[in-house]
Amino acid sequence: MATKRQAWFCTTGLPSDVVVEVDDMTFHLHKFPLMSKSNKFHGMITEQETNPTRLRKSSTTTAAEEVEDSGDGEIEEEEVEDEEEEPYCHISLPEFPGGSEAFEVAAKFCYGVKIELSAANVAPLRCAGEVLEMTEEYSEDNLISRTERFLSQTVLKSIKDSIRTLKSCEGLMPMAETLGIVQKCIDSIGARASSTDPSLFGWPVNEVEPGGRRKNTGGDSWFEELALLSLPLFKRLIFAMKARNLSPEVIESCLIHYAKRYIPGISRSNRKSSSSSIPSESEQIELLETVITNLPVEKSSSSSTATRFLFGLLRTANILNTSETCRDALERKIGSQLEQATLDDLLIPSYSYLNETLYDVHCVERILGYFLDGLEEISAARIEGGDENSGARSAALMLVGKLIDGYLSEIASDANLKPEKFLELAVALPDHARLFDDGLYRAVDVYLKAHPWLPEAEREKICGVLDCRKLTLEACTHAAQNERLPLRAVVQVLFFEQLQLRHAIAGTLIAADVPAADLSRPSNLRREEERDGDDTSDAGVAVTSVAPRAQDGSTTTWRATVRENQVLRLDMDSMRSRVHELERECSSMKKAIEQIDKVGPPNRGRRSSLAKKFGCKFKTQVCDSHQPTVVQARKGRNHHRPP
């Protein structure tokens with residue numbers, strides 16, 4: 001058999017008596033092989049033979065047929081001379097399922113040529129057999145029975161083959177749907193997918209063989225095959241998976257692979273795809289909404305890759321301006337697993353002309369709100385169930401606290417970021433979300449540096465989000481020398497820095513007293529020995545031998561404690577000198593204010609401005625080392641705070 005451009009010939013040595021037209025291909029065949037396998041051909045050829053007027057006659061003149069030489073591309077002319085005119089049947093098969101390729105394989109099957117069935121051609125051949133009526137009743141071991149047997153015994157037992165066959169059904173509608181091929185493939189994929197290892201992004205995924213053993217599918221996983229399906233078939237498959245209550249991780253993985261293939265910009269791997277493979281904007285919106293709508297409500301796995309993908313979807317949804325419902329559902333999904341996000345994920349560019357900031361702060365604020373709402377719901381559910389273990393919840397909250405502090409430091413340099421928006425995001429987290437406020441202090445420092453034009457009142461509000469008690473000594477040292485901070489904030493930092501030093505020294509002294517008290521233990525052992533003199537002599541020897549060793553160890557501990565106390569005394573002396581220096585500064589400030597008070601009413605405005613500059617509405621006792629308690633100092637500071 002040979003193909004000659006748009007004509008297909010059967011080189012059996014006999015002249016063809018049947019011409020079949022399929023699409024743009026003409027097949028020159030013979031009656032007997034076709035009629036022996038196809039009931040459709042038998043009926044059509046018989047009808048034309050009984051009606052001679054419908055038969056056509058072959059040309060009696062010389063026919064020039066161009067045959068392309070496979071070697072050098074030269075064209076040969078073959079002259080075919082017919083001594084007499086012979087009638088032949090002419091059959092046209094418009095819209096043949098599978099086109100000329102499927103008909104060629106079916107024609108070879110009629111001639112008895114061995115055909116190779118595969119997952120890609122079994123569906124077109126099954127439909128071709130249906131059209132040509134190549135049933136088992138008409139001829140034994142016919143095309144329909146062969147394809148059905150291959151479909152059930154080979155294709156439907158492999159998830160990848162089922163996907164390939166389902167892909168081939170896209171151009172066979174509605175016949176493939178009528179014959180049940182589509183539904184069989186979908187059911188097979190759903191059943192096989194439930195047996196896979198749903199380790200998200202832990203590919204390759206293992207596939208279960210009929211014997212129960214797992215075979216490794218290698219890097220070419222069935223998710224890559226799934227991404228080749230058209231959107232209507234993919235949606236049907238996802239609905240079928242959800243109806244089977246498949247693992248949410250499997251469903252989410254299918255959606256992730258499909259979106260990565262067709263939506264540009266979500267992952268780095270498909271940013272260099274050719275423009276011809278990129279869907280139109282309307283198709284991308286439909287695909288995006290399909291993916292987001294079918295995302296499982298359950299939290300994704302612990303892998304941060306899934307969270308990064310969700311943020312990629314959100315950026316694309318903002319660019320394509322999808323529906324508010326779609327974006328809200330995606331933000332809620334991200335909020336449920338915000339602790340898995342990274343700082344790069346949160347840096348979502350602002351695509352709306354209504355936002356003046358570089359990054360979409362409103363979006364991050366909404367996501368954070370959904371995260372906190374989820375924590376409250378979990379807490380309420382656990383309290384009702386009697387489970388008060390909040391370890392995992394606190395860990396997630398502290399991770400998010402660190403993440404938000406980093407985000408604040410990143411966006412603080414934006415000159416268009418309003419103080420109100422910075423404050424809203426800074427105070428959105430509860431107090432126990434931050435173990436230390438060093439990250440928040442860094443964000444405040446960056447914001448004050450990027451906004452030097454802020455008035456003193458605004459700067460004090462910005463610094464008001466800091467809890468000086470939660471600053472480390474390194475942060476306190478930096479803040480005490482930071483010229484960008486208001487004077488009131490600096491005084492608070494210095495006060496709590498000294499308070500931390502006092503507590504640290506006091507705690508060390510108390511801890512040092514414990515080993516010193518152990519020096520009495522050897523004498524106690526001796527007294528117990530004397531009291532227990534009625535005991536055996538062996539016991540007395542044992543106690544006596546223990547006492548010297550205990551005394552030697554206690555003496556060593558005491559010497560180490562003495563050295564530590566000497567170091568602490570030096571630190572205390574340094575701290576006292578620093579406190580005295582602060583007291584002298586406060587005293588000089590107080591005297592300056594008293595002198596201003598003696599000047600009179602004309603200079604009252606200067607007095608108020610100077611008082612505001614130095615923040616002297618605080619009690620000067622905040623720097624007094626003899627202040628009774630910290631609580632009283634805080635109360636006094638709150639009562640004298642300027643409006």
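Looking at V19 and L29, their side chains never come closer than 4.5 Å, going by heavy atoms from C-beta outward.
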Check against side-chain contact (heavy atoms from CB on, under 4.5 Å), V291 and L313: CA-CA 9 Å; V291 171; L313 284 181; 4.1 Å; yes
Step-by-step side-chain contact (heavy atoms from CB on, under 4.5 Å) determination, I144 to E136: CA-CA 7 Å; I144 292 180; E136 195 73 13; over 6 Å; no
M134 and N39: CA distance, side-chain angles, deciding distance, side-chain contact (heavy atoms from CB on, under 4.5 Å) verdict: CA-CA 6 Å; M134 303 173 70; N39 189 28; over 6 Å; no
Residue pair N321, N318: steps toward the side-chain contact (heavy atoms from CB on, under 4.5 Å) verdict: CA-CA 5 Å; N321 196 22; N318 291 334; over 6 Å; no
Chi angles and distances behind the side chain to side chain donor-acceptor pair (under 3.5 Å) call for T325, S323: CA-CA 5 Å; T325 305; S323 62; 5.0 Å; no
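The backbone N or O of L34 lies less than 3.5 Å from no partner atom in the side chain of S38, so there is not a single donor-acceptor pair. No donor-acceptor pair under 3.5 Å is formed between the side chain of S188 and the backbone N or O of C185. One N or O on the side chain of S152 and one on the backbone of R149 form a donor-acceptor pair closer than 3.5 Å. Using modelled atom types, no side-chain atom of S158 and backbone atom of T154 make a donor-acceptor pair closer than 3.5 Å. Remark: the backbone N or O of H90 is paired with a side-chain donor or acceptor of Q48 at under 3.5 angstrom. Between the side chain of K333 and the backbone N or O of P296, at least one donor-acceptor pair lies under 3.5 Å. The backbone N or O of E289 sits nowhere less than 3.5 Å from a side-chain atom of T322 that would complete a donor-acceptor pair. No donor-acceptor pair closer than 3.5 Å links the side chain of T26 to the backbone N or O of E21. Y111 places a side-chain N or O within donor-acceptor distance of the main-chain N or O of H30, the cut-off being under 3.5 Å. Counting only distance, with no hydrogens or angles, the side chain of T46 and the backbone of G43 share no donor-acceptor pair below 3.5 Å.
Using modelled atom types, one finds no donor on one side chain facing an acceptor on the other under 3.5 Å when comparing Y407 with D345.
Nearest heavy-atom pair across S168 and A119 is OG-O, 4.1 Å. Residues D141 and F109 share a closest heavy-atom pair of O-CZ, 3.5 Å. Here the closest heavy-atom approach between residue E252 and residue A306 is recorded as OE1-CB, 4.4 Å. Scanning both residues, A341 and F311, for their nearest heavy atoms gives CB-CE1, 3.7 Å. When all heavy atoms of L368 and A428 are compared, the pair lying nearest together is CD2-CB, 3.8 Å.
Ion pair D187/R192 not flagged as a salt bridge, since none of the NZ, NE, NH1 or NH2 atoms sits closer than 4.0 Å to an Asp/Glu carboxylate oxygen. At a threshold of 4.0 Å, the pair E177-R236 counts as salt-bridged, since one of the basic side-chain nitrogens sits closer than that to a carboxylate oxygen. Taking a cutoff of 4.0 Å between a charged side-chain nitrogen and a carboxylate oxygen, K37 and E140 do not qualify as a salt bridge. Salt bridge annotation for R327-E331: absent, with no cationic side-chain nitrogen under 4.0 angstrom from a carboxylate oxygen. A salt bridge between E148 and K184 is present, with a side-chain N of the basic residue lying under 4.0 Å from a carboxylate O of the acidic one.
To the nearest 0.5 Å, atom CG of residue L295 and atom CZ of residue R332 are 14.5 Å apart. For the atom pair I367 CD1 and D360 CG, the distance stands at 8.5 Å (nearest 0.5 Å). Atom CD in E95 sits 10.5 Å away from atom CE in M175 (nearest 0.5 Å). In this structure, CG in L132 is found 11.0 Å from SG in C127, a value given to the nearest 0.5 Å. Annotation: the span from L429 atom CG to L372 atom CG amounts to 6.0 Å, rounded to 0.5 Å. Between the CH2 atom of W222 and the CD1 atom of I189 there is a distance of 8.0 Å, given to the nearest 0.5 Å.
The aromatic rings of Y258 and F234 lie parallel to each other, with less than 30° between the two planes, well short of the 60° mark.
Few gaps surround OH on Y351; more than 12 heavy atoms of other groups in view lie less than 6.0 Å from it.
Here the rule is ring pair (Phe, Tyr, Trp, His ring centres under 6.0 Å) with H257, and of F223, Y262, F309 only F223 fits it.
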